[in-house]
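Heads up, the thing below is written out as C-alpha cells.
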Amino acid sequence: MKIGITCYPTYGGSGVVAAELGMELAARGHDVHFISYAVPIRLNSVNERISYHEVEVAAYPLFDHPPYTLALATKMLEVAEENSLDLLHVHYAIPHSVSALLARMMAGPRRLPFITTLHGTDITLVGSDRSYLPITRFSIEQSDGVTAISNYLRDRTVREFEVRQPIEVIPNFVNCDLYKRTEDRSLRNRWARNGEPILMHLSNFRPVKRITDCIEIFALVREKMAARLIMIGDGPDRGAAEYLVRKKKLSKDVFFLGKQDRVHEILGVGDLFVLPSDSESFGLAALEAMACEVPVIASNVGGIPEVVTHGVDGYLFEPRDVESASKYALEILARSDRGRAMGEMARANARRRYCSNDIIPRYEAFYAKVLNAGAPALAAR
Ligand code: GMT
C-alpha cells in the first residue's frame with residue numbers, strides 16, 4: 001500500500017506513534033509518505049520506502065495566523081497525486097482530519113480515503129473546548145475510518161461527541177526487540193555509580209503530566225533511601241520542576257536529560273517508571289518502560305489501567321496523591337527481588353498485549369477494510 005501519514009512532529013505521544021507506525025509499515029513493504037511541517041520525532045530509520053514531504057505555510061502581512069490547515073490539505077493532495085497514495089492516515093483529529101477531508105474533496109473522482117486516529121488531548125482537552133467540538137465531531141464523522149488508542153478514549157469520544165461513526169480500538173504498541181533491558185552497566189553508572197535505584201519519567205512536560213509530582217514523589221522516597229531520578233523530555237513545566245529540585249536540595253540526585261532520541265536505551269536501565277498525570281488516554285511512555293522490564297507507578301486515570309495492572313506490573317494511585325505514590329515506590333525499590341519480579345511481569349504483559357508484531361497487522365487489516373468499503377463506490381463511477 002501507499003500511505004500518507006500526518007502527525008504533530010514535535011514532542012508528543014501521537015507523533016511518536018505515527019513515526020513508529022510508519023517505520024514498521026515500511027519494514028513490512030509499504031510505501032510511507034510523512035506529510036508534516038517537520039520531520040517527525042523518532043523518525044530515524046533510513047529506508048527507501050519512507051519519504052518526508054514538508055508543509056510550508058506562506059507568510060503574508062495579512063495573515064496574523066498563517067493557514068496551516070489549508071497548506072497541509074494542499075500538500076496532502078499534491079503528495080497523493082504524485083505518488084498515487086491509496087489513503088491518508090492522520091494522527092490527532094485537530095486540524096489534521098479537517099485537512100484530510102479537504103484533500104479528499106479536492107481529489108474529486110480520484111478516491112482518497114482518510115483514516116483518523118484519536119490520541120487523547122484532541123478529544124479530552126482540545127476537543128471538549130466547545131468552540132472546537134462541532135468541527136472535530138464533523139471531521140471524525142466524515143473520516144472513512146476512525147481508530148482510538150484505548151477503550152477509554154473510544155468510549156469517551158462516543159459519549160461526549162455523540163459520534164455515530166464506529167470507532168475501532170487499535171492500541172498503542174512497542175517494538176519489543178528494541179525496547180528491552182539494557183545490560184550495559186556503564187550507562188547506568190553514569191547516573192548511579194553506587195548502585196542506587198533509578199526512577200524515571202518521560203513526557204512532554206506539559207501541565208497535564210504533573211512533573212512536579214514526580215519531584216515530590218522522589219523527595220519522599222529520597223527521605224528513606226538513596227536513589228536517583230532521571231527526567232527525559234522537555235516542555236513548559238521543566239522550569240518549575242527544576243526549581244523544585246533546587247528548593248528541595250536534590251540537585252545531585254535528579255538529572256534532566258532533555259529530549260532524547262534513543263529512549264529505549266535509557267529506559268532500559270530504570271528500576272521504576274513514574275507517570276503521575278492528571279489525564280492520560282493510554283500512557284505510551286509507561287508501555288515503553290514496561291517493555292524494558294521497568295515496573296510502573298501511575299495515576300489511576302483514563303486508559304492507564306488498560307496498560308498497567310495494579311499489584312502485578314506496577315501500582316496505581318489517585319492523581320496528585322504523592323504520599324501513596326511514594327509508598328508504592330518504596331515498596332518496589334526497597335526490595336529489589338520484588339521490583340525485578342514486577343519488571344519481568346511488566347515485559348511479559350507488554351509483549352502479550354502490545355507488541356508491534358501483533359498490532360501493526362491490525363492497522364494493515366483496518367486499511368484494507370477501509371479500501372474495500374470504498375471499492376464498490378469507485379466501481380459504480
Ligand atoms: O500527552 C500529550 O499531551 C501528548 C499526546 C499526543 O497526542 O501527542 O499524547 C496522547 O497520545 C499518546 C499516544 O497515543 C498517549 O499515549 C497519551 O496518553 C495521550 N496523552 C493524553 O491523553 C494526555
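Computation of the quantities below employed the complete heavy-atom set of this structure, encompassing side-chain atoms and omitting hydrogens, waters and symmetry-equivalent molecules. Numbering of ligands and ligand atoms starts at 1, following listing order.
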For the pair Tyr363 and Phe173, name the ring-plane relationship: parallel under 30°, tilted 30 to 60°, perpendicular over 60°. perpendicular
Should the ring pair His119 and His91 be called parallel, tilted or perpendicular, given that the plane angle runs from 0 to 90° and is split at 30 and 60? tilted
Do any nitrogen or oxygen atoms of [X] lie less than 3.5 angstrom from nitrogen or oxygen atoms of ligand 1?
| X | result |
| --- | --- |
| Leu284 | yes |
| Ser279 | no |
| Ile149 | no |
| Gly120 | no |

Please state whether Lys209 comes within less than 4.0 angstrom of ligand 1, counting heavy atoms only. yes
Distance to 0.1 Å, residue and atom name: give those for the protein heavy atom nearest to atom 19 (C) of ligand 1. His119 O, 3.5 Å
Report the nearest protein non-hydrogen atom to atom 9 (O) of ligand 1: residue, atom name, distance rounded to 0.1 Å. Gly13 N, 4.0 Å
Which residue from Ala285, Ser14, Pro207 reaches closest to atom 6 (C) of ligand 1 through any of its heavy atoms? Ser14
So between His91, Arg206, Glu280, whose heavy atom ends up nearest atom 18 (O) of ligand 1? Glu280
Between Glu344 and Arg347, is there a side-chain N and carboxylate O pair less than 4.0 Å apart? no
Pairs of donor and acceptor atoms involving the side chains of residues 293-305, under 3.5 Å and at least two apart or interchain, shall be tabulated with distances.
unit_1, atom_1, unit_2, atom_2, d
Glu293, OE1, Arg340, NH1, 3.1
Ser299, OG, Ser277, N, 3.2
Ser299, OG, Ser277, O, 2.5

Ring center gap for Tyr37 and Tyr68 short of 6.0 angstrom: yes
Show your working on side-chain contact (heavy atoms from CB on, under 4.5 Å) between Leu202 and Phe273 and close with a plain yes or no. CA-CA 8 Å; Leu202 160 65; Phe273 189 82; 3.9 Å; yes
